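So the structure is just underneath, and the comments pick up after that.
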Amino acid sequence: MSGFDQKSIARGADAARRTGEVRVILSPEKGRRPGLRVLSQSTRVFVVEDKLVHPVREIQELVIKLGAQISGTSEAANVIVTSIRAPKRLLKHISREDSEDKYVVNPEWILDSAERAVMMDPDDYLAFKSSKEHVFHLPMKRGRTPDTEVESGMPGPSTSSASATRPPRPWRDTRYACERPSPLQCINQGLVDELEVIRRERELTGDEFSKMAYMRALSAIKAYPYDLSKNPSQASKLTGVGSKIGKLAEQYYEKGCIIEAKIIRRDKAIQTMIAFNELYGVGPTAARDAYNEGCRTLEDVIKKGKSLGTHLTRSESLRILPDLQSKIPRPEVEAIAHLISRMMEKIIPGCQHTICGGYRRGKPESSDVDIVYTHPDNRHNKAALHRLLDDLRREGIVTHIVSVTTPGLDEDSTNVHVDVAQIVVLPPISPLTPNPRHRRVDIIFCPFSVYGAAVLGWTGSHIFERDLRIFCRKEGYKFSFTGVTRLSDGKVLDTPTEREIFELFKLEWMPPEWRNCDA
Ligand code: TTP
Ligand code: MG
């Protein structure tokens, strides 16, 4: 049981003690994955030395050998290993909070995991019963009710289109998410939610490779319209699901959960980073950096100037934070779009618009409002959005303009002039919003010639968009919400409607309600 340098363990532990870092990577060769991954990489173990029968180094080495990490402090760990059976004695080594909130298990958890070559359920190895109910849970996906019973292939609760109730075509095992009808809630949603917990952890801890593997797998399962509980081994046969995630699917149907996801759900560090990540303007990397720099509350993050770009003052950010964190029900999305569109109509009559984003895909609640505008007469284009913002500000509807950009310089864009404004609005008092809240709104104004691309690009979901871009490259085009470029001659094609783009790419039409390829 060797190959691990004692000094590196001590160094990692010291570093963790100093920085309180979440991730302490202690593999023998930097960047190399352990050959045997029995425990998961998201598992960070702190070993309490007192009363241990085995030398602490041996236990630590075994933890690393099995693919998990050693934490130098109990604070940085999500599993605490101890032979102590008396809670009072344990409190000499770790805080009460850690003893109550984290998995505190006996060393047999590791030894049995090693012997059986599978991560054992820490709930079966608790050092003692905690008197406290565990309070940390990953927030469920926006607008989702936990454990909702769903009928196979029901796309979502709220769309008006008749196509919404039935998949547009029979299921086929295909590689690209944009070819697979994917409902808002699928028949195997419980499994998808568990895999999403792990995907999110990989995203927040910066493991891009593993994140992509979970993303592809959960997206393939999201589209699979048959009940996997009847045949769990079927999961690994789906394109995009490897044998490792296939095994996790089997574990899910055997045990009712994925053990790694269970540990992550109770991981306060991950919960905290998720909360940071949900702040406007804080990506997964910034969330991780903020945590590693010692931020523990949203206020800490805002004080560090990490949220909402640099456009709002600290006190402003804190004041409107609770509003921005709350989700927007569909009727309010519609009311906000109506309000803005009425003003747009006054500026340039004859404008067209589509409410895109999650709303268009049928989500019952959204975190923002995404509206794409156009006008058949191109003369109106350039000033339209700026005039709209002036009017909205004058009426007191816009409270903050976070950014106004004209994409075009980055390599993903065409040279087509498209304006994008990220704003915060405060709708007027009305029967629908007797206590109005600040809401985030993205407004896109594009030429009529690329309206289809803009609507398609802003409808999502993210995985749908990602695979759409890969799919269209295969067909000889580059897709962006600023237009479709033919790669052979660099020409930006006229795509005033979404359907033209599907036809161009030889892609079967996908109704928006069936583009929910993310968890
Ligand atoms: P979002 O508003 O970020 O996401 P959403 O509307 O799907 O969900 P919600 O607002 O409720 O959280 O973006 C809208 C769509 O635009 C998104 O589904 C896909 C597309 N999009 C990208 O493809 N890439 C991006 O970087 C962004 C910001 C959006
Ligand atoms: Mg949105």
Side-chain angles (χ1 to χ4, degrees), residues 142 275-284 286-287 290 295 297-347 351 353 355-359 365-373 382-407 418-430 432-446 454 458 460 481:
R142 291 160 187 151
F276 294 172
N277 187 204
E278 287 187 350
L279 273 183
Y280 203 8
V282 180
C295 295
T297 65
L298 296 173
E299 286 75 9
D300 292 343
V301 181
I302 287 171
K303 280 182 195 145
K304 281 201 181 271
K306 285 190 188 294
S307 81
L308 300 159
T310 49
H311 301 267
L312 300 191
T313 63
R314 249 183 238 173
S315 58
E316 266 304 271
S317 296
L318 284 175
R319 189 175 67 83
I320 67 171
L321 186 61
D323 284 2
L324 298 187
Q325 282 176 291
S326 68
K327 300 291 173 266
I328 319 172
R330 291 180 71 81
E332 194 182 334
V333 171
E334 288 155 13
I336 291 170
H338 183 68
L339 184 72
I340 295 173
S341 301
R342 236 182 27 215
M343 303 199 71
M344 188 63 119
E345 184 61 26
K346 279 191 203 148
I347 297 167
C351 252
H353 77 273
I355 312 175
C356 296
Y359 171 87
E365 291 180 310
S366 300
S367 49
D368 67 359
V369 182
D370 307 292
I371 318 171
V372 177
Y373 284 96
K382 289 202 173 150
L385 189 58
H386 294 272
R387 285 172 59 195
L388 175 71
L389 294 179
D390 286 344
D391 284 7
L392 287 171
R393 205 167 8 196
R394 202 173 306 121
E395 297 280 323
I397 294 165
V398 166
T399 57
H400 305 88
I401 293 180
V402 177
S403 69
V404 185
T405 52
T406 304
V418 177
D419 285 319
V420 180
Q422 292 188 295
I423 59 174
V424 178
V425 306
L426 185 64
I429 294 174
S430 72
L432 186 67
T433 50
N435 300 302
R437 292 178 174 179
H438 292 83
R439 301 302 198 184
R440 286 159 33 186
V441 180
D442 287 347
I443 303 176
I444 297 92
F445 198 101
C446 68
W458 280 87
F481 72 88

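Position 1 is the first residue of the sequence; numbering continues from there. Owing to the predicted nature of the structure, the values given are computational and were not obtained by experimental measurement.
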With sequence neighbours left out, the residues meeting side chain to side chain contact (heavy atoms under 4.5 Å, CB included) with H386 are V404, D419

Do you know which two heavy atoms are closest between F445 and L385, and how far apart they sit? CB-CB, 4.2 Å

Determine whether a donor-acceptor pair (N or O, by modelled atom type, separation under 3.5 Å) exists between the side chain of D323 and the backbone of R437. no

Would you name the heavy atoms of N277 and A287 that are closest together and state the gap between them? N-CB, 3.9 Å

Evaluate the side-chain proximity of V420 to T406: yes if any heavy-atom separation is below 4.5 Å, no if none is. no

Does V369 reach the side chain of R440, with side-chain heavy atoms less than 4.5 Å apart? no

Could you measure the distance from the CD1 atom of I371 to the CG atom of D368? Nearest 0.5 Å is fine. 10.0 Å

Look up atom CD1 in I355 and atom NE2 in H353, then write down how far apart they are to the nearest 0.5 Å. 5.0 Å

Quick test of your reading of the model: are D300 and K303 salt-bridged, counting only N-O distances below 4.0 Å? no

Could you tell me whether the side chain of L392 reaches within less than 4.5 Å of the side chain of V425, counting heavy atoms only? no

Is a side-chain donor or acceptor of Y373 paired with a backbone partner of S341 at a separation under 3.5 angstrom? yes

CG/L388 to CD1/I443 distance, rounded to the nearest 0.5 angstrom? 5.0 Å

Mind checking whether Q422 and V441 have side chains closer than 4.5 Å, heavy atoms only? no

Distance (rounded to the nearest 0.5 Å) between I397 CD1 and D391 CG: 9.5 Å

Separation of R387 CZ from M343 CE (nearest 0.5 Å): 11.5 Å

Which atom pair, heavy atoms only, marks the closest approach of C356 to W458? CB-O, 3.3 Å

Between R393 and D390, is there a salt bridge with N-O shorter than 4.0 Å? yes

Run the side-chain contact (heavy atoms from CB on, under 4.5 Å) check on K327 and S366 step by step: do they pass? CA-CA 6 Å; K327 300 291 173 266; S366 300; over 6 Å; no

Taking every heavy atom of I429 against every heavy atom of P434, the minimum-distance pair comes out as CG2-O, 3.8 Å

Check the pair I328, S367 against side-chain contact (heavy atoms from CB on, under 4.5 Å), reporting the backbone distance first and the verdict last. CA-CA 6 Å; I328 319 172; S367 49; over 6 Å; no

Compute whether any side-chain donor of one residue and acceptor of the other, for R439 and S326, lie under 3.5 angstrom apart. yes

Backbone N/O of V424 and side chain of T399: donor-acceptor pair under 3.5 Å: yes

Which value, rounded to the nearest 0.5 Å, describes the distance between C351 atom SG and E345 atom CD? 7.0 Å

Heavy-atom closest pair (L389 atom, A421 atom, distance to 0.1 Å) is CD1-CB, 4.0 Å

Just wondering, do L279 and V301 contact through their side chains at under 4.5 Å, heavy atoms? yes

Using side chain to side chain donor-acceptor pair (under 3.5 Å) as the criterion, list what pairs up with T433, not counting sequence neighbours. S430

Compare every heavy atom of E332 with every heavy atom of P427, then report the nearest pair and how far apart it is. CG-OE2, 4.0 Å

Could you go step by step and tell me if V402 and I423 meet the side-chain contact (heavy atoms from CB on, under 4.5 Å) rule? CA-CA 5 Å; V402 177; I423 59 174; over 6 Å; no

Would R330 and E365 pass as an ion pair if we require N to O under 4.0 Å? no

Those residues that, when tested against P428, pass side chain to side chain contact (heavy atoms under 4.5 Å, CB included) (two or more places apart): L339

